[in-house]
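Written out below as structure tokens is the structure these notes cover.
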Amino acid sequence: MTFSDLGLSSAIVKAVEEKGYTKPSPIQEKAIPPILSGKDILASAQTGTGKTAGFTLPVLQYLSETKHIKYRPLRALVLTPTRELAAQVYDNIREYSKYVNIKSTVVFGGVNAKPQIATLKKGVDILVATPGRLLDLHDRKAVSFKRIDVLILDEADRMLDMGFVRDINKIISFMPEKRQNLMFSATFSNDIKKLASGILRNPVSVETAPQNSTAKKVTHKVYKVDKKKKTAFTIKLIKDNNWNQVLIFTRTKHGANKLTQKLIKDGISAAAIHGNKSQGARTKALKNFKDNSIKILVATDIAARGLDIPLLPHVINFELPNVPEDYVHRIGRTGRAGATGEAISLVCSEESEYQSEIEKLLKEKLNSTIVAGFEPTDTAPPKRAASQSKRSFGKKNNSRNTTSSKRNKSKSKPHFKEHKLAKATSGRGRTGAAKKKRY
Ligand code: ADP
Ligand code: MG
């Protein structure tokens, strides 16, 4: 199967070939033909499976074939949950539309609105936006939705998690009834189906089947370390092994900053990515990490979500996440090009409870090692104290964890980027922490 076989024009195919894609990914094969024929679709496939091109290519083709010669009313809108994703999708659109006469732009919060308004005034065919800033611009009459032909919701599950449903519905209320709706999500949860039923009309459901059933390629390693020695141990791991590209997760923004500073002080190039960083700083950190000008990226869970971070040989959990599903998302970043990926967790005594929750979710015991000189000296808090702590898996979370693990089980599918962690990486469990967070 080639991109031309799917019905894409030579101008689009040329741009895609320049990106180095030789053939469509499974989700692209399934999604592109119905989108080209004007159908609504609900598509689900894991992160990294090429969903962006899956909706961008057919929409660009539609727009270029039905172009308004004189002026450009906004005809296609892509909504994404985060700024980084918006920027990423926009970058892709620009590349894919290199050989068609289509104008695009991106708007998101956290940066000056003026240039965005100026660009919109000149007329764009397709706009990528985060909901908050878009509504703001709409209030200021900088953008109109009256001529929207195609609405795309990217990472719809994440938008639900982040509490964007009301904003989305409001945006839709300004659009014509007759339009094409495309919804992309990493999971088909009940909540997603509910959202879809309110927006999509007779949608074609597109889901990718498991690519292959190769054995899991990610190994989990737990080092039981003293809480106070985690930084020293991290530095030792990186230096002893000569690691050049490591993604480290911390639980808090403050923790990410502190660790980053210590790494830099020790001569290891690093940058932090989290919600308190400016847009510019976040974009720069990700770019530098991708092109290897820094070795270490220290991230919080929310900041890392949905980003097109390359699959890496090593991911370090500086702290275990307080929601077990986040562990699954984190280690989904390891295992590059068929090579074995390593998910390393530094676990101090008070985190043992989180470890057992993760093991329950993975249905696998994590291999634990104690390294001389770093042994945990602190003791685990009594059960009751742990359940009172902010990070506990208290009763409140239990029902959610159960539903999510069920979802994980039923939705197992590895994705096409040599990512073989079949069981664990599927099902983007929703976390309370992410709720309502516009970071
Ligand atoms: P998703 O939205 O499913 O998480 P993306 O659209 O971000 O995935 O794509 C993930 C990566 O795969 C990107 O780097 C993209 O350039 C690449 N990619 C997309 N389609 C193809 C393809 N057909 N062949 C090779 N690489 C692809
Ligand atoms: Mg995507």
Side-chain angles (χ1 to χ4, degrees), residues 1-8 12-33 35 41-61 78-98 106 108 128-130 152-162 164 182-188 192 206-211 286-287 289-291 304-312 328-330 332-333 335-338 411 413-419 421 425-428:
M1 184 68 79
T2 66
F3 283 103
S4 315
D5 293 340
L6 298 177
L8 293 169
I12 303 268
V13 174
K14 189 173 167 200
V16 165
E17 280 171 358
E18 277 182 20
K19 278 279 285 177
Y21 306 171
T22 48
K23 62 181 177 52
S25 71
I27 191 76
Q28 291 162 1
E29 256 183 43
K30 287 191 181 171
I32 290 173
I35 298 177
I41 71 161
L42 175 56
S44 160
Q46 272 185 280
T47 305
T49 50
K51 292 191 285 297
T52 319
F55 63 77
T56 307
L57 303 179
V59 170
L60 284 174
Q61 174 149 327
V78 185
L79 290 177
T80 72
T82 68
R83 304 162 188 178
E84 276 85 1
L85 265 174
Q88 250 170 238
V89 170
Y90 171 59
D91 283 346
N92 280 321
I93 289 181
R94 262 199 345 214
E95 289 173 325
Y96 302 145
S97 62
K98 210 163 147 192
V106 60
F108 45 72
V128 186
T130 51
I152 299 125
L153 301 179
D154 192 19
E155 302 246 349
D157 48 351
R158 200 52 60 201
M159 289 212 263
L160 279 179
D161 294 351
M162 294 170 78
F164 281 138
L182 314 176
M183 202 159 126
F184 284 76
S185 167
T187 52
F188 264 164
I192 281 291
V206 183
E207 224 174 332
T208 44
Q211 270 289 280
L286 186 61
K287 187 186 158 285
F289 184 62
K290 278 187 182 177
D291 68 22
R305 220 161 257 159
L307 291 185
D308 184 18
I309 294 174
L311 292 178
L312 307 163
V328 171
H329 291 308
R330 289 178 178 188
R333 306 293 188 184
R336 187 173 54 189
K411 285 265 156 37
K413 47 189 162 9
H415 59 69
F416 84 105
K417 260 168 80 177
E418 269 96 21
H419 178 193
L421 198 85
T425 51
S426 54
R428 298 159 63 89

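Residue numbers count from 1 along this sequence. Whatever order the structure lists them in is the order used to number ligands and atoms, beginning at 1.
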Out of Thr52, Val16, Val89, who gets a non-hydrogen atom closest to atom 5 (P) of ligand 1?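 Considering heavy atoms of Thr52, Val16, Val89, the nearest to atom 5 (P) of ligand 1 sits in Thr52.
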Would [X] count as a contact of ligand 1 if the rule is a heavy atom under 4.0 Å away?
{"X": "Phe3", "value": "yes"}
{"X": "Glu155", "value": "no"}
{"X": "Ala45", "value": "no"}

Does some side-chain heavy atom of [Y] sit less than 4.5 Å from a side-chain heavy atom of [X]?
{"X": "Tyr96", "Y": "Val16", "value": "yes"}
{"X": "Gln88", "Y": "Thr52", "value": "no"}
{"X": "Thr80", "Y": "Thr130", "value": "yes"}
{"X": "Phe289", "Y": "Leu312", "value": "yes"}

Has Asn92 got a side-chain atom pairing as donor or acceptor with Val89's backbone, closer than 3.5 angstrom?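 Judged by distance alone, no pair lies under 3.5 Å.
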So among Asp154, Val78, Val206, Val59, which one has a side-chain contact (heavy atoms from CB on, under 4.5 Å) with Leu182?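 Passing option: Val59.
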Where ligand 1 meets [X] - atom numbers and elements under 4.0 angstrom, heavy-atom basis:
{"X": "Lys23", "answer": "22 (C), 23 (N), 24 (N)"}
{"X": "Ser25", "answer": "23 (N)"}
{"X": "Thr49", "answer": "1 (P), 3 (O), 8 (O)"}

Measure Gln28 to ligand 1 on non-hydrogen atoms and call it side chain, backbone, both or neither using the 4.0 Å cut-off.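 Side chain only.
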Hey, does Ala53 come in under 3.5 Å of ligand 1, counting only N/O atoms on both sides?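 Among all N and O atoms of Ala53, none is under 3.5 Å from an N or O of ligand 1.
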For ligand 1, find out whether one of its N or O atoms is nearer than 3.5 Å to an N or O atom of Asn92.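 By distance alone, the answer is no.
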Flag yes if more than 12 heavy atoms outside Lys19 fall under 6.0 Å of its NZ atom; otherwise flag no.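 Count over threshold, so yes.
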